[in-house]
Amino acid sequence: LGNTMLSNYSKHATSKLLSLRQLQTARKQKISSFVKGKGKLLSGTAVAVVGAATVTTYFLHQSAKASEDELHAPHLPWQHSGALKTLDAASIRRGYEVYRQVCAACHSMEYIAFRNLVGVSHTEDEMKAIAAQAQIVDGPDDNGKMFKRPGRLSDYFPSPYTNDEEARAANNGALPPDLSYIVLGVHGEEDYIFSLLTGYYDPPAGVVIGEDQHYNAYFAGQAIGMAQALYNEIIEYEDGTPATQSQLAKDVTVFLRWAAEPHHDKRKLYGFRALCFAIMFVPLFWYQKKRVFSVIKSKKIAFK
Ligand code: HEC
């Protein structure tokens with residue numbers, strides 16, 4: 001009797017244990033399906049919210065754009081755009097002249113040294129002569145004073161102002177940016193710089209411009225602190241190219257593109273070489289593929 005009772009009891013206990021386990025798994029399943037359901041609901045809501053926010057932001061952005069009427073710089077056919085095109089050295093040379101004689105009065109290019117132009121647009125002797133015309137601050141000397149000396153090839157282009165405050169004070173509060181990397185720093189790159197330099201007009205009727213500001217159709221907000229810098233014949237080119245406003249703007253823009261990317265031509269040359277090298281492997285890969293797949297492709301599989 002004792003044995004039967006014990007076995008009965010153990011059966012009972014096992015069944016209880018089983019039912020407890022079942023209960024637990026059922027509960028777990030319920031919880032997990034509940035969590036899963038919630039997760040789906042949550043992620044669905046999140047997607048909807050993010051979507052709605054994106055759409056709203058897009059339309060807000062559009063409406064903000066519609067209320068400004070500056071022009072977007074049109075895309076221009078630059079001689080150096082294209083995978084195999086190089087920068088026009090003659091244009092860089094003329095552009096440097098424009099920078100030196102016009103823009104350098106207000107804009108620094110502190111990351112470009114005179115030596116950088118040697119072999120690009122000028123010979124070493126030409127650049128030495130140009131550098132020697134610049135007055136470079138050096139020192140301190142034996143008495144602890146800074147002094148000025150003629151420039152050398154290793155000097156960086158001198159800045160027109162000693163600090164930003166002086167630059168602002170001389171330009172009615174507007175800071176002329178450093179032009180070393182300006183082409184990469186503005187939206188539209190060369191197209192924008194060219195359009196900006198040639199985009200000065202009388203303000204349209206109803207548009208009021210501040211006293212020290214100028215109307216430029218391509219500048220964000222249209223009121224720019226920089227006066228029109230380029231006019232027909234403002235400088236004379238040594239190579240006899242007619243110095244029209246658009247020619248001056250084009251040349252200085254090409255010069256600024258070179259400054260922002262001095263390795264432009266080399267980059268394209270190396271890219272081309274790498275491509276040629278890679279193309280050599282095409283027949284090799286084709287042959288190898290045929291060889292490996294010939295076994296597989298000529299195999300017949302029969303299921304019996
Ligand atoms: C009389 C001083 C002066 C001269 C000369 C001058 N600039 Fe400027 N430039 C400024 C000032 C000031 C600003 C800042 C304008 C502003 O933020 O409203 C500026 C801004 C710029 C900008 C930035 C525009 C932008 O979108 O932020 C570029 C590019 C530029 N100048 C290029 C040139 C080039 C190229 C030349 C020579 C052809 C030149 N500047 C000549 C004073 C000058």
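Counting starts at 1 for both ligands and their atoms, in listed order. Everything numeric here is computed off the predicted structure, so don't read it as measured data.
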Identify the protein heavy atom lying closest to [atom], giving its residue, its atom name and the separation to 0.1 Å.
atom: atom 16 (C) of ligand 1; result: G225 N, 3.6 Å
atom: atom 26 (O) of ligand 1; result: Y192 OH, 2.5 Å
atom: atom 27 (O) of ligand 1; result: F219 CE1, 3.6 Å
atom: atom 28 (C) of ligand 1; result: L196 CD2, 3.8 Å

Which part of [X] is near ligand 1, with near meaning a heavy atom under 4.0 Å away: side chain, backbone, both or neither?
X: Y99; value: neither
X: I193; value: side chain
X: L175; value: backbone
X: I224; value: both

Counting N and O atoms only, with roles assigned by atom type, does the side chain of S195 sit under 3.5 Å from a partner on the main chain of Y192, one being a donor and the other an acceptor? no
Ring pair (Phe, Tyr, Trp, His ring centres under 6.0 Å) evaluation trace for F277 with F281: CA-CA 7 Å; F277 189 66; F281 288 95; 5.4 Å; yes
Check each atom of ligand 1 against the heavy atoms of [X] and keep those under 4.0 Å away; list them by number with element.
X: N171; answer: 2 (C), 12 (C)
X: I182; answer: 29 (C)
X: V102; answer: 5 (C)

Where does the angle between the aromatic ring planes of Y96 and H122 fall among parallel (under 30°), tilted (30 to 60°) and perpendicular (over 60°)? perpendicular
Please tabulate, for the side chains in residues 200-210, all donor-acceptor contacts under 3.5 angstrom to protein atoms that are two or more places apart in sequence or on a different chain.
from	atom 1	to	atom 2	distance (Å)
Y200	OH	M226	O	2.7

Please examine the side chains of Y237 and V98, heavy atoms only from C-beta on, and report whether any two atoms are closer than 4.5 Å. yes
A correct count of protein N/O/S atoms found below 2.8 Å of atom 8 (Fe) of ligand 1 gives 2
Go through the steps to decide whether D125 and T123 satisfy the test side-chain hydrogen bond (donor to acceptor under 3.5 Å, both in side chains), and finish with yes or no. CA-CA 6 Å; D125 291 338; T123 64; 5.5 Å; no
